[in-house]
Number of protein chains: 2
Amino acid sequence: MLRVRHEPVFTMTLAGLSLRDLEYVVAVADLHHFGKAAERCAVSQPSLSIQIRRLEERLAITLFERSARGVLLTPDGKRLVAQARIVLQEAQRFIDLAQGLAQGQADLLSGPLRLGAIPTLGPYLFPRLLRPLRQAFPRLQLILHEVRTQDLLEQLRAGEIDAAFLSPPVDAHGLVLEPLFFEPFLLAHSPGAAAADFGRLTLDSLPAEGLILLEEGHCLRDQALLLCSRRPAGSAGRHATSLDTLRHMVAAGEGWSILPALCIPDPDPLRDLLRQTPFDRPDVGRWISLAWRASSPRPWQFRTLAALVMDCAAGWCLADGRRLGRAMGGGVEEYGAEGPGGEGQEARG
Amino acid sequence: MLRVRHEPVFTMTLAGLSLRDLEYVVAVADLHHFGKAAERCAVSQPSLSIQIRRLEERLAITLFERSARGVLLTPDGKRLVAQARIVLQEAQRFIDLAQGLAQGQADLLSGPLRLGAIPTLGPYLFPRLLRPLRQAFPRLQLILHEVRTQDLLEQLRAGEIDAAFLSPPVDAHGLVLEPLFFEPFLLAHSPGAAAADFGRLTLDSLPAEGLILLEEGHCLRDQALLLCSRRPAGSAGRHATSLDTLRHMVAAGEGWSILPALCIPDPDPLRDLLRQTPFDRPDVGRWISLAWRASSPRPWQFRTLAALVMDCAAGWCLADGRRLGRAMGGGVEEYGAEGPGGEGQEARG
DNA sequence: ACGCAGCATTGATGCCGGCTATGGACCGGA
DNA sequence: TCCGGTCCATAGCCGGCATCAATGCTGCGT
């Protein structure tokens, strides 16, 4: 459950005080005239008189001195009116702030947006997104986090982040997942390895030993193991803490691995030490989806973001010259013909 | 008429914002739970839900994200809640201030009190009152002014002062006058003057020439002229700007004058240069009254002040050894047997 | 003495916030 | 998969209170 902060808490005895009453009081104090004050407040004079009288009774303080010569503030009234002005001023700032925020909402994307991504995607996805996002939505303020899937889901549900880039399948209870693009996997191996071992690049022809994995908790680790149809027991102890580390290990001849296409920089500083080869089947890879709370306000905000990411992704050239497959658009799907897999896909809307 | 200040004026569009709504919002933000928040606010959960929803609609901003996992603040909600806390805090200060002032009213006399007095009385009355007043009402904050009767009445009616010590008759429209004491007049003359001129000290035996008066506007001037039954034409040009100046002029042998008893200090530094002689009739003098607006709140405040002044005055010994006559008390009235004269005496409510 | 200006009072009216009861979505356990 | 519990939303009704138009009252000026 969410933490219950026990804050100072107001004494709860605002005694039915109303901002309208304070407006009336200030109006009379300004104009020294009940009738004029009522006019300014757009109410009838009796209404204003009654409200001020009731307020005076509640406060047990006479604010105004009524006489035929005019309306005078009592000394107490003077001090209270000064404080009333402060209250109204702060209330006005509240309204102004709300109006500003509401107007900001008129933009499709504006204000702070806390985005998360899995670590095997974020460092390679965000740099490609920042420029187009800033160009399309200048008033958007991104706060980025990179944690593994489980933490991502927890932070998402706890409201610590607003949306997350991740790879299904995930437990999507209470979430909406919008597929964005299909990211193919590549086989990374040392060019010095026996060419025969990787000659055909089918999943069945992978060597029995030498697979290097990421740490526990990375979805990419699980997906790689699933592809290889083997338990991690065979190469226990061979793991890296990040994709970059993993690529360096492969380049150093420590073994081979399976990498998502976006993690390969262009140009690649490891080009001479590392060969990344596509698989012969187009469905080897992972779907990337954007996830947000189903209860989130302004869901179109995330759909807008998703659409922009899809548009961008359609233009990215991979290291092997091919392009990413779009999730829903009409373009040619070069990868991921069957759509994002996994259970837990949430109904949308 | 009273001046109509045209102040900045709030934009008048607080849009029906209510402090209660802000309390609800803050409660939900604190507790992350509509039911608990409703309990804290002492209302039913539906009431609170509806009000918050209506507020969100008015602001066109979703403050909270409702989900089965709990209640989350949206980023916009976070900022607005912060401002709502400020508004409520200032409103609470308003309430606290009002309570403090109301409690202060429990004292018979407390807080700021703006008192005025005619210049022929104030400099001699206030010094005698300050100590007893501070002793009886420690929380009383006096602000003292000394101006002539007409200005006094204007300031009183305009609300620039709360009460005034003056001498009737005055135009008491809209005012309450409470008689305090009768202050006898003394004849001030140089000891070197012919003794025969002041032998009997009846009003009829005053010398024809040599009367020194205060400037125009001092009620004492008019009263002195009335006593002497003569026009100021006789001694035109012989006038002083203050009683002290006047006494020095008499001491210098410039002429003679009529002084109120309280203005003679004890001991008198001019004792050897100046003789102050009582009149043979006890009703030669002036009444001193306290005046306040009939519309003034807490009239008992001024009656309390008046009673204290009367008590004090009963104990003052004049330079000639006699005492001031009390206005209403049961004591022996040595002066002013017929009570304060003049029209305009107000009914007391 | 009359008229006027200005705040207070009155009684009718309608909005609005409150409550109880119920609905519906979601979650967790069997 | 069903069931019960939790929690927020909805529905319907009710009562109070703010509002208004009309009138009263008081004090001042002429």
Side-chain angles (χ1 to χ4, degrees), chain A residues 1-2 4 15-25 27-28 31-39 41-58 62-72 157 171-176 293-295 297 344 346-347 349, chain B residues 1-2 4 15-25 27-28 31-39 41-58 62-72 153 157 171-176 293-297 344 346-347 349:
Chain A
M1 200 54 200
L2 293 166
V4 176
L17 186 65
S18 162
L19 289 174
R20 175 181 41 76
D21 292 345
L22 298 185
E23 275 188 312
Y24 290 173
V25 166
V28 174
L31 302 174
H32 298 279
H33 193 288
F34 277 67
K36 305 244 182 72
E39 188 181 359
C41 295
V43 294
S44 69
Q45 170 263 319
S47 300
L48 183 136
S49 288
I50 290 178
Q51 292 315 311
I52 287 190
R53 173 165 297 277
R54 293 176 67 88
L55 178 63
E56 286 179 324
E57 288 171 0
R58 279 201 300 268
T62 301
L63 299 172
F64 299 105
E65 206 179 300
R66 290 89 161 159
S67 78
R69 295 186 61 85
V71 177
L72 294 175
R157 293 196 170 98
D171 170 23
H173 265 313
L175 302 180
V176 177
R293 288 182 297 282
S295 61
E346 196 80 350
Chain B
M1 196 55 197
L2 292 168
V4 177
L17 185 65
S18 163
L19 289 174
R20 172 182 39 77
D21 293 345
L22 299 185
E23 275 188 311
Y24 291 172
V25 166
V28 173
L31 302 173
H32 298 278
H33 193 287
F34 277 66
K36 305 248 182 71
E39 187 181 0
C41 295
V43 294
S44 69
Q45 169 264 318
S47 299
L48 182 136
S49 288
I50 289 179
Q51 293 314 313
I52 287 190
R53 172 165 297 276
R54 294 175 66 89
L55 178 63
E56 286 178 325
E57 288 172 358
R58 280 202 298 269
T62 302
L63 299 172
F64 299 106
E65 205 179 300
R66 291 93 161 155
S67 79
R69 296 185 62 86
V71 177
L72 295 175
L153 293 175
R157 292 196 170 97
D171 171 24
H173 265 313
L175 303 179
V176 177
R293 288 181 299 280
S295 60
S296 186
E346 199 80 349

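So that the names make sense, note that chain A is the first sequence line, chain B the second, and so on, each numbered from 1.
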Do B:L55 and B:R58 come within less than 4.5 Å of each other through their side chains, counting heavy atoms only?
-> yes

Check whether any side-chain heavy atom of B:L175 lies under 4.5 Å from a side-chain heavy atom of B:R157, and answer yes or no.
-> yes

Those residues that, when tested against A:S18, pass side chain to side chain donor-acceptor pair (under 3.5 Å) (two or more places apart) = none

Shortest non-hydrogen contact from A:R66 toward A:F34 | NE-CZ, 3.6 Å

How far apart are the closest heavy atoms of B:H33 and B:K36, and which atoms are they?
-> ND1-N, 2.9 Å

Rounded off to whole Å, could you give me the [atom1]-to-[atom2] distance for the [X] and [N] pair?
X      : N      : atom1 : atom2 : result
B:I52  : C:dG17 : CD1   : C1'   : 14 Å
A:D171 : C:dC26 : CG    : C1'   : 13 Å
B:R53  : D:dC7  : CZ    : C1'   : 14 Å
A:F34  : C:dC7  : CZ    : C1'   : 7 Å
A:E56  : C:dC7  : CD    : C1'   : 12 Å
B:E23  : C:dG17 : CD    : P     : 15 Å
B:E65  : D:dC8  : CD    : P     : 14 Å
B:F64  : D:dC7  : CZ    : C1'   : 15 Å

Any N/O pairs under 3.5 Å between the protein and nucleotides 14-16 of chain D? List them or say none.
none

Produce a footprint string for nucleotides 17-30 of chain D: one letter per nucleotide, 5' end first; B if the base is under 4.0 Å from any protein heavy atom, S if only the sugar-phosphate is, - if neither.
-> -SBBBB----SS--

For A:S295, the side-chain contact (heavy atoms from CB on, under 4.5 Å) test, sequence neighbours excluded, returns A:R293, B:E65, B:S67

Partner residues of B:R20 under the salt bridge (Lys or Arg N to Asp or Glu O under 4.0 Å) criterion, sequence neighbours left out = none

Those residues that, when tested against B:R53, pass salt bridge (Lys or Arg N to Asp or Glu O under 4.0 Å) (two or more places apart) = none

Got a second to check how far A:L22's CG is from A:I52's CD1, nearest 0.5 Å?
-> 10.0 Å

So does A:R66 get a side-chain nitrogen or oxygen closer than 4.0 Å to the phosphate oxygens (OP1/OP2) of C:dG6?
-> no

